Engineer: 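Sharing a structure with you now.
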Amino acid sequence: MERRFNYLLVISLLLGVSFSAVAAGSNVPAIFIFGDSIFDAGNNHYIKNCTAQADFAPYGSTFFKRPTGRFTNGRTVADFISQFLRIPLQKPYLEIVNGGRQNYPANGINFASAGSGVLRATNNETGVTPLQVQLQQFKTLVDQNHINKKILQKSLFLFESGSNDIFNYFYPFDTPTLTPDAYAQSMLKEVQLFIDTIHKLGARKIAVFALGPVGCVPARALLPGAPVNKCYGKMNKMVKYYNTGLDNLVKGLPVRYPGAVGVFGGVYKLVQIFRDDPKRYGFGNVDNACCGLGTLGGQLQCGKEGYTVCKNPNEYLFWDFFHPSEHTYKLISKALWAGDTTRIRPFNLKKLANITLPRF
């Protein structure tokens with residue numbers, strides 16, 4: 001406890017940060033969201049010829065009662081965090097620009113694209129928007145004064161990406177030219193560049209989320225040689241190496257980026273806790289997809305011809321072959337919002353949201 005207090009004290013001294021009491025209302029005006037299908041709220045729907053889609057039934061059926069482009073049956077972590085902050089859900093960037101909007105929303109924007117990775121080449125043949133392009137979209141809006149620069153310091157920046165890069169590493173189509181560690185290091189370099197850029201553009205409150213145990217997703221049934229009676233250990237080992245690198249980036253953030261503060265969300269550990277004690281968290285099934293077909297429900301995307309869907313989606317850890325259910329996202333969101341340092345460190349999103357930073 002003393003060590004944790006000293007760590008927080010060092011950060012506060014470096015930043016001139018005030019850890020004030022949490023107000024009844026939020027002092028975060030906006031959230032800017034970057035990443036893949038864990039966060040995508042419908043951007044891919046607006047990309048012509050993009051094959052990574054969730055804009056059809058039964059996606060969205062539990063909460064929105066219609067498909068929204070989210071790769072789950074309801075809300076994502078980004079949606080829950082917005083609701084905790086009492087601000088409207090962020091619209092997809094491409095929905096905004098395709099609508100010919102002149103005034104951009106004041107509550108933030110979602111740039112995430114399902115199927116994308118931190119490496120530009122990941123799934124580029126499917127028409128997704130890589131992280132580098134998401135970043136350029138944001139930069140263009142800032143440079144053209146479509147985003148009020150005064151709100152950026154108070155806004156939250158959410159980042160989650162990398163699972164598609166790692167999953168693709170184990171595809172049988174191409175023999176990897178890099179070792180798993182070297183490949184993960186190349187991913188981390190891209191994340192570092194991403195944080196460098198958003199900081200230069202005005203980001204000060206940055207939340208970096210770990211990948212979940214990608215080797216446990218039902219879609220591993222598509223990979224030759226992957227076990228189906230247990231998680232894919234080689235893949236999860238690579239995920240943990242990448243997550244450790246993300247954690248280290250966050251630890252160094254206050255020194256590398258003066259005036260900024262960041263948190264690392266331990267999503268991997270959270271999901272493993274759910275898997276180890278499913279009944280405690282309301283799960284009846286932590287292995288199979290609620291919606292899909294074949295082994296683990298992981299051999300066909302939800303909604304494609306021939307799929308089946310379970311009766312109680314929120315009793316399942318996984319909604320489809322790759323993505324969590326809304327119930328899983330809700331549990332993760334609560335832990336990231338108000339959890340202790342075993343869930344998110346050096347403090348939670350509620351604390352991050354209410355930190356008063358020095359003006360820049």
Side-chain angles (χ1 to χ4, degrees), residues 31-61 64 66-79 82 89-102 104-105 107-144 146-147 157-168 171 173 187 190-191 193-194 197-198 219 222 291 300-305 307 319-324:
I31 303 178
F32 296 93
I33 303 157
F34 302 85
D36 55 28
S37 54
I38 298 298
F39 280 159
D40 190 351
N43 274 305
N44 281 14
H45 172 73
Y46 297 93
I47 304 175
K48 186 178 181 181
N49 299 323
C50 178
T51 56
Q53 298 290 355
D55 54 358
F56 45 82
Y59 285 101
S61 55
F64 296 101
R66 60 179 178 83
T68 64
R70 290 168 174 81
F71 282 71
T72 185
N73 58 311
R75 292 159 289 184
T76 68
V77 169
D79 296 326
S82 294
L89 306 188
Q90 291 69 40
K91 289 185 177 297
Y93 166 78
L94 292 177
E95 177 184 333
I96 297 166
V97 297
N98 281 307
R101 190 171 183 130
Q102 298 300 315
Y104 286 79
N107 65 310
I109 299 173
N110 188 320
F111 296 90
S113 174
S116 68
V118 298
L119 300 176
R120 185 181 284 268
T122 295
N123 293 336
N124 62 354
E125 74 283 357
T126 65
V128 301
T129 305
L131 180 65
Q132 294 77 7
V133 176
Q134 296 175 36
L135 186 58
Q136 185 58 50
Q137 291 168 343
F138 172 67
K139 183 178 185 300
T140 299
L141 295 183
V142 174
D143 290 345
Q144 295 178 353
H146 291 305
I147 296 176
F157 285 75
L158 306 184
F159 167 82
E160 184 282 337
S161 187
S163 58
N164 292 308
D165 307 275
I166 291 178
F167 196 85
N168 285 3
Y171 269 141
F173 306 121
M187 295 168 59
E190 294 298 326
V191 178
L193 288 172
F194 167 79
T197 305
I198 61 171
L222 296 169
C291 185
L300 181 74
Q301 184 185 358
C302 176
K304 299 294 186 179
E305 185 176 356
Y307 81 94
W319 162 249
D320 69 2
F321 61 172
F322 212 95
H323 306 98

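No hydrogens, no waters, no symmetry mates; every other heavy atom, side chains included, goes into these values. Computed from a predicted structure; not experimentally measured.
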Engineer: In Å and rounded to the nearest 0.5 Å, what is the NZ to SG distance from K304 to C291?
Structural biologist: 11.5 Å
Engineer: Calculate, to the nearest 0.5 Å, the distance between atoms OG and CZ belonging to S161 and F194 respectively.
Structural biologist: 9.0 Å
Engineer: Using the rule given for side chain to side chain contact (heavy atoms under 4.5 Å, CB included), can you reason through Y104 versus V97, listing the C-alpha separation, both sets of side-chain angles and the distance that settles it, and then say yes or no?
Structural biologist: CA-CA 9 Å; Y104 286 79; V97 297; 3.8 Å; yes
Engineer: Judged by atom type as modelled, is there a donor-acceptor pair below 3.5 Å linking the side chain of D165 to the main-chain atoms of V118?
Structural biologist: yes
Engineer: Keeping to residues at least two apart or across chains, list the salt bridge (Lys or Arg N to Asp or Glu O under 4.0 Å) pairs with something in residues 127-140.
Structural biologist: K139-D143
Engineer: Between P58 and W319, what is the shortest heavy-atom contact and its length?
Structural biologist: O-CZ2, 3.5 Å
Engineer: Measure across C302 and D320 and return the closest heavy-atom pair with its distance rounded to 0.1 Å.
Structural biologist: CB-CB, 3.7 Å
Engineer: Can F321 and L300 be said to form a side chain to side chain contact (heavy atoms under 4.5 Å, CB included), step by step?
Structural biologist: CA-CA 7 Å; F321 61 172; L300 181 74; over 6 Å; no
Engineer: Under the ring-ring contact (aromatic ring centres under 6.0 Å, His included) test, which residues partner F71, sequence neighbours left out?
Structural biologist: Y59, H323
Engineer: Can you sort out the partners of F32 under ring-ring contact (aromatic ring centres under 6.0 Å, His included), two or more places apart, ordered by chain and number?
Structural biologist: F138, F157
Engineer: Do the non-hydrogen side-chain atoms of I96 and P105 ever get within less than 4.5 Å of each other?
Structural biologist: yes
Engineer: Nearest 0.5 Å, please: how far is CG in L135 from OG1 in T197?
Structural biologist: 4.5 Å
Engineer: Within the side chain of N110, is there an N or O that forms a donor-acceptor pair under 3.5 Å with the backbone of D40?
Structural biologist: no
Engineer: Identify, with sequence neighbours excluded, every residue that meets side-chain contact (heavy atoms from CB on, under 4.5 Å) alongside T68.
Structural biologist: F64, R66, R70
Engineer: Go through F159 and I198 one step at a time and tell me if the side chain to side chain contact (heavy atoms under 4.5 Å, CB included) criterion holds.
Structural biologist: CA-CA 11 Å; F159 167 82; I198 61 171; over 6 Å; no
Engineer: Measure centre to centre between the rings of F34 and F111, then say whether the value is under 6.0 Å.
Structural biologist: yes
Engineer: With sequence neighbours excluded, tell me which residues meet side-chain hydrogen bond (donor to acceptor under 3.5 Å, both in side chains) with E190.
Structural biologist: Q132
Engineer: With no hydrogens and no angle check, is any side-chain donor or acceptor of N123 less than 3.5 Å from a backbone partner on G115?
Structural biologist: yes
Engineer: State, to 0.1 Å, how close I47 and G127 come at their nearest heavy-atom pair, and which atoms those are.
Structural biologist: CG2-O, 3.2 Å
Engineer: If the condition is side-chain contact (heavy atoms from CB on, under 4.5 Å), which residues does Q144 pass it with, not counting sequence neighbours?
Structural biologist: T140, H146
Engineer: Show the nearest heavy-atom pair for residues P92 and A41, with the distance to one decimal.
Structural biologist: CG-O, 3.4 Å
Engineer: Treating Q53 as the side-chain partner and N44 as the backbone partner, does any N or O pair qualify as donor plus acceptor under 3.5 Å?
Structural biologist: yes
Engineer: Could you tell me which residues satisfy side-chain hydrogen bond (donor to acceptor under 3.5 Å, both in side chains) with Q90, sequence neighbours excluded, listed by chain and number?
Structural biologist: S82
Engineer: Please say which of L141, I31, I33 ends up in a side chain to side chain contact (heavy atoms under 4.5 Å, CB included) with I109.
Structural biologist: L141
Engineer: Mind checking side-chain hydrogen bond (donor to acceptor under 3.5 Å, both in side chains) for N164 and listing every partner two or more places apart, or none if nothing turns up?
Structural biologist: none
Engineer: With salt bridge (Lys or Arg N to Asp or Glu O under 4.0 Å) as the rule and sequence neighbours excluded, what pairs involving residues 109-125 come up?
Structural biologist: none
Engineer: Could I get the full list of side-chain contact (heavy atoms from CB on, under 4.5 Å) partners for S116, not counting sequence neighbours?
Structural biologist: D36, S113, V128, Q134
Engineer: Any donor and acceptor pair, going by atom type alone, linking the side chain of N43 with main-chain N or O of Y93 inside 3.5 Å?
Structural biologist: yes
Engineer: For Y307, give me all partners under ring-ring contact (aromatic ring centres under 6.0 Å, His included), at least two apart in sequence or on another chain.
Structural biologist: none
Engineer: How long is the span from the CD1 atom in I38 to the CZ atom in F322, to the nearest 0.5 Å?
Structural biologist: 7.5 Å
Engineer: Partners of Y46 by side-chain contact (heavy atoms from CB on, under 4.5 Å), sequence neighbours excluded?
Structural biologist: L94, E95, N98
